[in-house]
Each structure stands twice: as C-alpha cells, then as structure tokens.
Amino acid sequence: MSSDAISLPAHQFDSLEQQREVASLGMWVFLATEIMFFGGLFAAYTIYRVSYPLAFIAASRQLDVTLGTLNTAVLILSSLTMALAVRGAQQGKRAPMLAFLPLTMILGAVFLGVKAFEYHHKWVEHLVPGAGFLLPGADARHAQMFFCLYFAMTGLHALHMIIGLGILTVMLAMAWRGRFTSTYHNPMEVSGLYWHFVDIVWIFLFPLLYLVGRHG
Amino acid sequence: MTTATEQAGETPRTHYLNVNYGIRSWLLTTDHKRIGILYLISVTLFFALGGVMAVLIRLELATPQGDLFQADQYNRLFTMHGILMIFFFLIPSIPAVLGNFLVPIMIGARDLAFPRLNLLSWYIFNIGGLFTFWALLHGGVDTGWTFYTPYSSTYSGTHVIAVALGIFIAGFSSILTGLNFVVTIHRMRAPGLTWFRLPLFIWSMYATSLIFILGTPVLAVTLLLLGAERLFHIGIFDPAIGGDPLLFQHLFWFYSHPAVYIMVLPAMGVVSEIIPAFARKKIFGYRFIAYASVALAVLGFLVWGHHMFVAGQSIYAATVFSVLSMLVAVPSAVKVFNWTATLYKGSISWETPMLYVLGFIGLFTMGGLTGVMLATLGIDLHVHDTYFIVAHFHYIMVGGAIMGYLGGLHYWWPKITGKLYPKVWSRIAAVVVFIGFNVTFFPQFILGYLGMPRRYHSYPPEFQVLNVMSSAGATILGVGYVIPLIYFFWSMRYGKDAASNPWGAVGLEWETTSPPPTDNFETTPVVTSEPYHYTRPAEAPGVL
Amino acid sequence: MSVHVVPVRTYLLVFAALLLLTATTTSVAFVDLGPFNNFAALGIAGVKAALVVLYFMHVRYGTRITPLVLAASAFWLLLLIGLSLADYATRGWLGVPGK
Amino acid sequence: MFPQAPLFPEKAATIAWQIDHLFLFALGGSVFFSLLIAGLIVYLGIRYRRRHPEEVGEALDDESAGARALELAWSVIPLVILMFMFVWGAKVYFYAARPPADAVQFYVVGKQWMWKIQHPEGNREINELHVPIGIPIKLTMTSEDVIHSFFIPAFRIKADVLPGRYTTLWFKADKVGRFHLFCSQYCGAEHSRMGGWVTVMEPHDYQAWLAGAGQAVLASGEELFSAKGCNTCHRPDTASRGPLLAGLFGRKVRLTDGRTLVADEGYIRESIMLPAAKVVAGYQPIMPTFKDQLSEDDLIQLIKYVKGLKAPEAASGIAAPAARQRASARGGTR
Ligand code: HEA
Ligand code: HEA
Ligand code: CUA
Ligand SMILES: [Cu+2]
C-alpha cells in the first residue's frame, strides 16, 4: 500500500492525533486488565506466603539467584532497546528500528532460553510439583505450593514474552516495509508499551520468587 | 401512525441494513450496528437453550421423587442453565447488543474506537460458546455455575476443562467490549458532549465496562488455575498440599459479585432512558444517578465475601463484607427513588417499554431488598444455599435485568430495524411475563425459608405444593417470552415503517434516521443542551 | 499535542538506574533486615516499575488519563489482595475452628 | 392428596427464634419498601397519565435545596436502616459462632454422600443425629472429600464442612421431635440425598438410646496413640523427642517462625497431618506426617485423646521434668 493511504485517519476518527490517542489509551486499558490477570496470581502468592512462610523460604532457596538476576538484567536491557526502537519510529527513521527491534527480540529469546534452562533444572532436581516432587527437609507439601505458583507465574509471564516476540516480528516486518512515519507509528508505540509491561511483571516476580529469605 | 411520510416519493434511502447484502457483508462487517445484531442472534440462541433447560428443571421439580432425570443429569441441567444464562446470555445481553448499537450513536460518533476488535469480540464470544456447546453435547458439566473446588478440580467426572475454557474465551470478548466502550466514551464524544451531558445509558455502560476490564481477568486466571489443577492433578487450591478451597471462592467471587452489576447496571441504564422518554420530562437527580452507577461499579468490588458467610471464612472478614454489602444498597436505593420521583408531574404513557421498565423497578426492588436480607449475617446463616437465594437472584436477573433488556429492545426496536411491532400483542406479552414471573419465583422465597436447599434433584414431599406452583408459573413465563420472539420476527417483514423518532423522545439516537445510515449521522452532531431536555414542546417532534 | 521524543541520554540514565537497583535488591536480600527485607524488595521493585512506566512508557510526557488508568488498576489489585488477606489474617482469632 | 404444606418452618433450637425475629423484621421492612415503591409507581402512573399526545411533563428543579434534601433523605434513611440490620445480624451471627464453654462435643465427618457422626460417649451413627434437649451441643466437622454443608432448617443454622480443616456449629435444641438434616452445599450426584434426620430427645430417652443402640466401637484415641507410635516421641521422660502434649489444648504455642497461635482442633489436626507446617519453637521438624495412615475417624479419636490430656501440674507451675523444660521454650505457658 502506498504511504499516504496510512497517513489518513481511519473512518471513525476525525484526525490522526485522535487516532493516536485512542490507540495508546486502548493499550493502557488493556494493560490494566493484564495487571488484574496477573493480580489473581499475586493475590494467591501473598496469601500462601503469609500462611506458609517457612516452606516458601525453603523452596525459594532452591532457585538460582544468579540466573534470576541475569535474566532481570537481560529483560531491562531489552526494554532499553525497545524504547530506542520506538524512538526511531517516532522520528520516522527506519535504521534504528531495523537495528533495535531484532536486538530486542534476541534479548527476549535469551531470557526465554535461560528460563527454559531453569525449568529443565527444576525437572531434574525433582522440584516440579506432583508425584515426583522431592524436597529434602521440612514441609515438602507446602513447598510444592511455592513451586505451583512459581511455574504458574513464570509460565504465564513466559507466555506473554512469546506473544511479545510474535508482535515484534510483525513490527519488524512493517518497519522493513517502511510503514512507519513520524506521524504514523501507533503500532510501534503500542507494542512498546506491551513489552515494557511484561518487563515490569518480571521486575516484581524476581524478588518475590527468587529473593525470599535469602538472608540468615 | 408514522409511515413513510418522510421518504414518500423518494428513492429508498440507504441505511446500514441495506448498504450491502449477503452473508459476507454481515460476517465481515465492522459496523457496530450490524455487530450488535450479530450479538442479538447469538445471545437469543443461548437464551433459548438456557430457557429450555430451565423448563426441564421445573419439570423435574414438579414432583418430589426426582423421577424424570437421573441425579447427575439434573445436576448438569442446572449447571448448564446457570452457565449459559449468565456467561452467554445476560452478561453480553444489554452491553453487547444494545450497547454496541447505541454507544457510538448516543455520543455522536461514527463507530466505536476499534471496529475490527469489536467484530473480533463477537467471534471470540462464539468460539467460547462453541466450546461450551461442544461440552454440552458430550455430557455437559455438573459442578454448578460456581465451579467450587475441590469438586470441580478433582471429583467431577464431566467436561470441566472444556467449559472453563469456553468461559475463559468468552471472557476476552467481554474484556475487549469493555475496552472498546471505555476508549470510545473517553475519546470520541461529539463536540459539546461533556460528561454531564451524556445520557445515563452511557454512564451505566461506562461503569459496566470498568467491571469488565478490572474483574473479568481475575475470573480468567482463576479458571486457568482450575483447569491446570484438573490437568496436572496438583495445584494451588488442592488441600493435599495446603491449598485452600476458599481461595478459589475468593477469586471466583471477586469477579462474580461485580458481575452481577455487569448484569444489572446496563438494565438500570435502559430504565434511565425510558422513564424520561415516557414521562416526557427531564430525569430527576441526573447527577446522582450517574454517580450511583460508578459507585455501584466500585463498591461492587468490595462485597464478594457475602457469598461465603458460612463457607469457613473468618467471621471478622464476614462482618466486614456484610457492612460493605449494606453500603452497596445505598446507590441502588438512590436510583430507585430518583426514577420514582421522575414520574411525579410527568406526562406518562403506558407504552410497552414503559410497562417493562415499571416492572423492572418493582421486581428489582424486591430482589434487592431480599439481597439486603442475605447480606444480614444472621439471616444468611439460615437461607444460604436454599431456594431463598434462587428466588433472590431470579428476581433481580429475570425480573430485573431481563425486563430491562426487553424494555430496551422494545424501545429501540424501531430504531434498530426501522419497523414497528404490534402494540397490543407487546403489551399482552409484558403482562404475561410479569405474572408468570411472580408465580414462578415468589413461592421459591417461601421454599427457601422453609429450608429447601438449592441444587436438589429430589426433595421432601411437604415442599411439593409450592414447587408445583413454581413450575406452573414457569410455563406462563415461557409463553410470555415466546410471544415477543414471534412478533419481532413478524415485524421485520410485515411491520410498518418507523419514523426517526416514533416515541417523541430526546436523544442523539432519535435525531438520526431509522434505521441509521452506516456512519450514523449525515454530519457530526454538535450538542448544546443537557440530556432529557423535554421542557419545550417544540423540541419533541409530534410524530406520534 | 505532538509526539515527545525522549533524548537517548535519558533512556541510558534510566537503564543505568534500573541495573543499579537490580544489583541493590539482590544484595540487600542477603542481609538480614527482619521484616524490612520484604519492604526493601517490594519498594525497590516499585521504584523500578515507576521508572519504566514514567520514562520507557512515556507516562511522564503523556496525557492525564494514563496515570489514572494505572492508579485504578493498582488500587483494584490492592483491594483484591487486601480484602482476601482480611480473611486469612483473622482466621483463628476467635479460637473456634472454622470461624 | 398432598401432604401438609407448611409456609413457615418449625422452630426447634434456641437460636431459631433469634433468627426468625431478625428475619421477620427485615421482611417487614422489605414489604414496606416494596409496597411503597410499587404503590408510588402505580399511583403516579395513573395520576399523571398522558392526556393528549403533545403533552410534556413538568421538569422539576433537581438542583434546588429541596431536591438536595430529598436526595440526602433517601440516601441516609436507608443507610440508617441498613446499619441497624447489619448490627443486629452481626450480633446473631457472633452468637451463633461462639459455642458456650460447657457445650458437649460431637464430631461430624461428611463424605460423598453421607454424614458420619460420633457422640462423646463413642457411639456412632450415620445420617442420623440423636441429641438431648436443652443441652448445648457443639459439632466439630470435617470432610473426607469435597465441601459439604451441615444444615438443620428447624435450628436455622448451617456451616460448610471442608476437606482438610475443621469447622464448628453449635445449637441448643428446645423441642422434641424429628427434624430434617440436609447437605446444603452442592457436592456431586447424590447431593440431594445426602441428608437424614436430627432427633431431639428428652435426656432420659437419650440415655436409653445411648445404652440401647448397638454402636460399632472405635479404636480409642489412647490405643491409637500407642499403636501409631506417638508415645515414642511424646513422652514425659528424657527419651522424649517431641513436646509434651498434656495441657496443650487451648494453650498458646509459639512457632519457630515467631508466630504464636492457640492450639485448637485445627492446629492439632495440622500438627498430625502436616507436622512441618507449623513447628513448635525449640524443636526440630522431625515428626513424620500421618497423612496417609489415619482415617478422619481415627484422627478425631486421636484429637479427642490429646485434648483430654490435662496438664499434670496445671495450677502450681512447679518445675517440670526435663522434657517439660524444653517445652517451655515455646513461650506462653499458662
Ligand atoms: C443482577 C444480579 C444481582 C444483583 C444486582 C444483586 C444485588 C444484591 N445482592 Fe445478590 N446475588 C445474585 C445476583 C444479584 N444480586 C446471584 C446470582 C446470587 C447467587 C449466586 C450463587 O450462589 O449462585 C446472589 C447472591 C447474593 C448473596 C449470597 C447469598 C448466599 O449465597 O448466601 C448475597 C448476600 O449478601 C447477596 C446480596 C445482594 C445485595 C445486598 C444486593 C444489592 O445490590 C441490592 C441493592 C438493591 C436494593 C436494596 C433495592 C432498592 C432499594 C430501595 C427500594 C430502597 C429501600 C432500601 C432499603 C431501606 C434498604 N446476593
Ligand atoms: C440470567 C440468568 C437466568 C435466567 C434468565 C434464568 C431463568 C430461569 N431460571 Fe434460572 N438460574 C440461573 C440464572 C438464570 N435463570 C442461575 C445462575 C442458576 C444457578 C445455577 C446453579 O445453581 O449453578 C439458576 C438456577 C435455577 C433453578 C434452581 C435449580 C436448582 O438449584 O436446583 C431454577 C429452578 O426453578 C431455575 C429456574 C429458572 C426459570 C424457570 C427461568 C425462566 O425465567 C426461564 C424462562 C425461559 C423460557 C421458558 C424459555 C423461553 C423459550 C424460548 C426463548 C424459545 C425456546 C424455544 C425453542 C426450542 C425454539 N433456575
Ligand atoms: Cu454433601 Cu451436598
Ligand atoms: Cu454478591
């Protein structure tokens, strides 16, 4: 399609400006639903953590802080590159997008790789809840609860990352074809919001899952 | 009456229904009005399905022995009845049908903010429905619509996962609809249409959307966890690893209590439109009604624990939830009183929509007041999980919300289809529904206080008389619902053409033609006055 | 209102701050602060989230409605957690099982 | 023809009239407001019926002081009534939640789809509950599978019965007769048949019933305590590896994680089933779980036994034997 076709607002809007605001508000409202979606899990986590503090400490110690910290850094870096890609889009420059979008995706993939490695480890160490669960020491039953939550929370987070990678692939294709201009780049903005949100979820998951009772 | 006077002699005007034809033009439409009609078809089918199950339930309960169905068949019946009626009929009914049609028109916009997303919502809704329907054909599900664990996670042998998935998927359609409405209402109002010039229907849609957005995701994740627990035989509600079945209830009701306001707020919005239209005067206490909608949406999130008063929740938490439930009755009371006050010194015509709306006020009041009884801790001790609850919520949902929905359909039908339905029949139907409803559900209050538990396939013989009454009433009620179905269909073909403003009502939707053009208005309207501006007779075109 | 292009320098500063905070939160976790460990962990996470929201997600430069959406969802999340905790925290106060 | 068709339930317990009063008050209020609204609608609808098609209603000024006062009135008056209802309802509810100290302890186990009941005297019955009149009775209840709910309409009370936890219900019957017992929480296929009868008897009839009914005898708690090896650790000598259980019930216990709680049935149950969940301060979590070795019935016997162990030196607080001193690490000894 030619580029002037896209620089007209869609028929329900009066202006591109309105269209842009609508897109961004739409994404923010969607993120509000996402907060509540993860919120159910955070609530469950809080309740069980308060109920079984010792088991949670014992179980949390089984996680690998180094990998967790590394992954946090990777994800933060990917947020930076994403922000820079969006910045390119805002200026209507193709080159930064073509550089930073793939970079962001690679970092996302690294994160998922590390996560997969951790999952594998948990499997080998018999820390996956179920019949094979084996945690030496106290209160193995409630420790399973921790791991149920761990897998549910990080699993859903990973799913969001995978969806994010899909979205970024589309963005990359659009950027490649020069679809974005300094007046029209809503899809990039909105995808950026989504990616940063996924980052924020991790920012909370990391201390809650990895850093419980490391001291003492 | 108002026939084609306006269009006399001209070539047929193009409007959204006749711009193009063919199944593709409907299935791929992004026009909010057509999508509204698509939803109308979907939810009507689900209502009929749920209604048939209700009839079977009442048939079984006409005798105490439990001789028509096996116990497990009966359990599937009421479960599927509840699930279909709540998630696939009542929740989407007014928002997705009337809301879709009216929100853009009432705010003077050409369409919703995200038209394609809107179409997607409809598809998502039907995919969710198909999952549920599949499960229904393969034996259904028998957990009760509330899916309490550990029965649902471990003990039930039915298709819990498929149905949970169906509801999960349909939930996204709610979320997306809510998102669309919020963004549209915030960003696409016509020039001059300030927040306090919005019709109250828009306020109630806005409040409903808030609940869609903030509540539905919690249900989604809860159902996901339930499905996972069933699949992997271990999960966070599992008592074997210290999981608490009550946590499931907390999470479930965190959504499902606010969801009852999803069901009633839109109906309240309809009432707030219809009363001024048929009393031909400005609504009394506009701001209070508007604020009350938002207050209900917010307070509605604080009371979920009143479903768990005898569930093993701490009594202190129960006390907090009880007092908060009492508070939620205040905005409802404010609305009821303001509607009633609006009638004072009005010019009231007893048209069909008005009949439904007056029925709504009365039945909602009864349902709501019995809700207050339930919120009273001491009373709930006795009536929890009895037919008193069944009567309470049918009073609000069937007597209230469905009356509101039917009133709205009758009110906007000329706008939606451009056709008029027969007045006499529609009035008869409204009266039959009202009578049938009360005969069906009033005896259930008595049964409940007598102690008949709900979800009972068989019951002690001394409860039979009241149950037979209830079953007889359900038959009347069923007839009352079938009559509109017939004459609505009839009117689409044989009904007289409706004028732009058949009721002489005020509101942007009555300023455009019936049915409206695809872009809703020839030119973007500019709003200069308060809503329900009925004072000067000149403004109400005397088309009646 | 036109698009606000944030200077690269700002992004880099925010990024550095985020890394620093990550390092802080991890190391603080190994020091015993009693109950303050939890506050520190959540507090730092909150600050990090705020940085991302304000700068990477441009809330600082955007319309008024965005913070409102955020505040509303945070508030609702607290309602969910707070009111359900109200149950768990007070179970057993009476000393009668199940009340 | 039809058997008798009552419109109001029988009353057979002291709390029933309290709940009925509350209910009738609420009912009166509801009827009043329903009639008020319905009456107003009908009256106004007729009084202000549209006379001719062009007629328009008279807009009222809803910003005026009078209108404001009206809005205030119809918010505040319901609020006052609601708060009154709340307080009254809460009082009844708290009354129902607190069993009197002298209540006789019965145990109830629900399972799909029957109720198993144990009398303090050791008698057992299924789907039947025989109780003496005029004596407060406390039911401690649990479930072997899903959630059930123990509901006696004539007593106006119910409580859910949960797997893995105890819940409580108490009543004082005040009328002799046979009354329905229902399971009111949906629990699967035969939910509607999971019920039976509560028989309220004069005390001497009850005694006769107790003596007469040939009940299956359970392994006693004391036997289980040694059969399951509890006494190898919980013993009053230096070989003791666990805390002494005498006098435990109702006492404050401090846990390794710093929390303190009161030892009730739920706690003792958890200590046996999931010992590592709450470890007594000063002890190692070495107690094995008995999760898969004890039936709910056994468990109840054991708990009854542990509850019955009275502290030997309860009043004086004289220095205890070695094990006792270790146990004093747990704070809050009484
Ligand atoms: C549309 C649906 C809808 C609506 C709007 C409501 C509204 C209310 N509901 Fe209801 N409710 C349900 C649907 C609904 N409910 C369903 C489906 C269930 C059962 C779920 C299940 O278990 O399957 C249920 C169950 C339920 C329970 C749990 C009972 C139990 O299981 O033990 C409780 C307890 O507090 C309750 C309370 C209330 C209250 C206080 C209101 C209030 O919002 C009502 C407020 C309205 C009024 C008060 C009337 C108007 C006011 C006046 C005319 C003024 C005069 C008023 C006074 C002086 C007070 N409801
Ligand atoms: C919106 C919600 C809604 C609606 C509209 C209804 C409508 C009705 N409901 Fe139901 N009901 C629930 C929501 C609803 N219900 C819920 C949530 C439960 C709890 C479930 C649970 O416990 O899990 C419940 C439970 C419930 C029970 C209790 C079951 C039990 O606990 O054992 C009963 C019993 O009488 C009942 C009866 C009825 C009746 C007679 C109607 C009538 O109003 C229905 C009238 C409609 C018709 C008669 C159909 C009309 C016919 C057509 C539209 C044409 C059809 C025809 C063709 C085949 C072409 N319902
Ligand atoms: Cu047991 Cu219902
Ligand atoms: Cu509720």
Side-chain angles (χ1 to χ4, degrees), chain B residues 71-72 144 148 150-151 155 239 245 279-282 284-285 288 310-312 315 319 322-323 326 329-330 333-334 336-337 340 343-349 358 361-362 365-366 369 373 376-379 381-382 384-385 446 450-451 453 455-458 461-462 464-465 534-535 537 542 544, chain D residues 2-7 9 19 22-23 26 30 33-34 37-38 40-41 44-45 48-50 53-60 62 71 74-75 78-79 82 85-86 89-90 92-93 96-97 145-147 149 153 156-160 162-164 167 182 184-192:
Chain B
D72 63 317
Y148 275 15
Y151 184 72
Y155 290 84
R280 289 261 174 85
K281 63 179 289 225
K282 188 171 158 250
F284 190 77
F288 289 93
V310 302
I315 54 170
T319 311
S322 170
V323 73
M326 296 292 174
V330 173
V334 166
V336 169
F337 288 123
T340 313
L343 298 177
Y344 179 67
K345 292 197 173 172
S347 157
I348 297 162
S349 74
L358 298 182
I361 300 180
T365 300
M366 285 180 72
L369 288 167
M373 291 186 180
T376 307
L377 289 158
I379 299 178
L381 224 43
H382 176 50
H384 172 73
D385 268 340
I446 305 173
L450 280 173
R455 298 169 171 171
Y456 259 31
H457 162 242
S458 58
E462 67 260 32
Q464 187 176 12
V465 176
Y534 280 96
T535 33
L544 251 177
Chain D
F2 297 120
Q4 106 265 34
L7 292 179
I19 290 177
L22 181 60
F23 174 75
S30 300
F33 276 101
S34 302
I37 298 290
L40 276 175
I41 289 176
L44 294 172
Y48 297 105
R49 211 176 67 239
R50 190 174 298 168
E54 300 289 314
E55 191 181 72
V56 167
E58 182 185 328
L60 302 169
D62 57 4
E71 298 281 357
W74 62 46
S75 315
L79 186 64
L82 287 164
M85 291 286 301
F86 159 69
V92 174
Y93 184 74
D145 36 49
V146 302
I147 305 178
S149 191
R156 310 279 190 279
I157 46 164
K158 68 165 67 69
D160 279 10
L162 303 160
T167 52
F182 291 127
S184 63
Q185 178 62 269
Y186 176 68
C187 55
E190 297 297 333
H191 161 62
S192 65

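Reminder, nothing fancy here: chain letters follow the sequence lines and each chain counts from 1.
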S.K.: When heavy-atom pairs shorter than 4.5 Å are enumerated against chain D, which of Gly346(B), Ala333(B), Gly362(B), Pro239(B) gives the highest number?
M.R.: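 Top option by heavy-atom pairs under 4.5 Å: Gly346(B).
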S.K.: Please give me the minimum heavy-atom distance between Gly89(D) and Leu377(B), naming the atom from each residue.
M.R.: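 Looking at all heavy atoms of both residues, the closest pair is O-CB, 3.7 Å.
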S.K.: Can you tell me if OH on Tyr344(B) sees more than 12 non-hydrogen neighbours from other groups inside 6.0 Å?
M.R.: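 No, because the 6.0 Å sphere around OH of Tyr344(B) holds 12 heavy atoms or fewer from other groups.
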S.K.: Please report the C-alpha distance between Val334(B) and Glu71(D) in whole Å, then the side-chain angles of each, then the deciding distance to 0.1 Å, and finally whether the side chain to side chain contact (heavy atoms under 4.5 Å, CB included) criterion is met.
M.R.: CA-CA 7 Å; Val334(B) 166; Glu71(D) 298 281 357; 4.1 Å; yes
S.K.: Are side-chain heavy atoms of Arg455(B) and Ser192(D) found at a separation under 4.5 Å?
M.R.: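 No, too far: nothing below the 4.5 Å cut-off.
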S.K.: Compare every heavy atom of Val56(D) with every heavy atom of Arg280(B), then report the nearest pair and how far apart it is.
M.R.: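 Heavy-atom minimum between the residues: O-CG1, 3.4 Å.
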S.K.: Are side-chain heavy atoms of Tyr48(D) and Leu343(B) found at a separation under 4.5 Å?
M.R.: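 Side chain of Tyr48(D) against side chain of Leu343(B), heavy atoms only: no contact under 4.5 Å found.
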S.K.: Check whether Tyr148(B) gets within reach of chain D through its side chain, its backbone, both or neither, counting any heavy atom under 4.5 Å.
M.R.: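 Looking at Tyr148(B), just its side chain touches chain D.
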S.K.: Find the distance between CD1 (Ile41(D)) and OG1 (Thr365(B)) and round it off to the nearest 0.5 Å.
M.R.: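 Between Ile41(D) CD1 and Thr365(B) OG1, I get 6.5 Å after rounding to 0.5 Å.
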S.K.: Which class fits the ring pair Trp74(D) and Phe337(B): parallel under 30°, tilted 30 to 60°, perpendicular over 60°?
M.R.: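 Answer is parallel, since the angle falls under 30°.
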S.K.: Using heavy-atom distances under 4.5 Å, tell me whether Ala279(B) contacts chain D through its side chain, its backbone, both, or neither.
M.R.: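 Just the backbone, heavy atoms under 4.5 Å.
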S.K.: Quick check on the interface: out of Leu7(D), Ile147(D), Thr167(D), who has the most heavy-atom pairs with chain B under 4.5 Å?
M.R.: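 Heavy-atom pairs under 4.5 Å are most numerous for Leu7(D).
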S.K.: Less than 4.5 Å to any heavy atom of chain B: does that hold for the side chain of Leu162(D), its backbone, both, or neither?
M.R.: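 Answer is side chain: those atoms of Leu162(D) sit under 4.5 Å from chain B.
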S.K.: Shorter than 4.5 Å, heavy atoms on both sides: which option in Leu381(B), Ile361(B), Thr376(B), Thr340(B) has the most such pairs with chain D?
M.R.: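 Highest number of heavy-atom pairs under 4.5 Å: Leu381(B).
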S.K.: Looking at every non-hydrogen atom in both residues, tell me the closest pair between Glu190(D) and Ala71(B) and how far apart they are.
M.R.: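 Minimum heavy-atom contact is OE2-CB, 4.0 Å.
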S.K.: Which pair of non-hydrogen atoms, one from Leu82(D) and one from Ala329(B), has the smallest distance, and what is that distance?
M.R.: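 Smallest interatomic distance, heavy atoms only, reads CD1-CB, 3.9 Å.
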S.K.: Which residues pass the side-chain hydrogen bond (donor to acceptor under 3.5 Å, both in side chains) test with Ser322(B), sequence neighbours left out?
M.R.: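 Partners of Ser322(B) by the side-chain hydrogen bond (donor to acceptor under 3.5 Å, both in side chains) criterion come out as none, since no residue qualifies.
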S.K.: Heavy-atom distance under 4.5 Å to chain B: side chain of Pro78(D), backbone, both or neither?
M.R.: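 When you check distances to chain B, only side chain atoms of Pro78(D) fall under 4.5 Å.
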S.K.: Does Ser347(B) offer a backbone N or O that forms a donor-acceptor pair with the side chain of Arg50(D) under 3.5 Å?
M.R.: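 Confirmed, Arg50(D) side chain pairs with Ser347(B) backbone.
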S.K.: Nearest 0.5 Å please: distance from the OG atom of Ser30(D) over to the CG atom of Leu369(B).
M.R.: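 The distance works out to 4.5 Å.
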S.K.: Between Ile379(B) and Ala26(D), what is the shortest heavy-atom contact and its length?
M.R.: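 Heavy atoms of Ile379(B) and Ala26(D) come nearest at CD1-CB, 3.8 Å.
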S.K.: Can you find a heavy atom in the side chain of Gln185(D) that is under 4.5 Å from one in the side chain of Val310(B)?
M.R.: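 Side-chain contact under 4.5 Å: no.
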S.K.: Going from CG on Leu22(D) to CE on Met373(B), what distance comes out if it is rounded to the nearest 0.5 angstrom?
M.R.: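 Going from the CG atom of Leu22(D) to the CE atom of Met373(B) covers 9.5 Å.
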S.K.: List for me each residue that meets ring pair (Phe, Tyr, Trp, His ring centres under 6.0 Å) alongside Tyr186(D), sequence neighbours excluded, and say none if there are none.
M.R.: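 Tyr186(D) satisfies ring pair (Phe, Tyr, Trp, His ring centres under 6.0 Å) with Phe78(B), Tyr151(B), His191(D) once adjacent residues are dropped.
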S.K.: Any idea which of Ala159(D), Gly45(D), Pro163(D), Ser34(D) has the most non-hydrogen atom pairs under 4.5 angstrom with chain B?
M.R.: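 The option with the most such pairs is Gly45(D).
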S.K.: For the interface with chain B, which of Cys187(D), Ala97(D), Ser149(D) has the highest count of heavy-atom pairs at distances below 4.5 Å?
M.R.: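 Answer, by heavy-atom pair count under 4.5 Å with chain B: Cys187(D).
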S.K.: For a quick test of reading the model, state the closest non-hydrogen atom pair linking Asp160(D) to Ala311(B) and the distance between them.
M.R.: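 Closest pair (atom of Asp160(D), atom of Ala311(B), distance): OD2-CA, 3.4 Å.
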S.K.: Tell me, side chain or backbone of Glu55(D) under 4.5 Å from chain B's heavy atoms, or both, or neither?
M.R.: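 Contact with chain B: backbone and side chain both.
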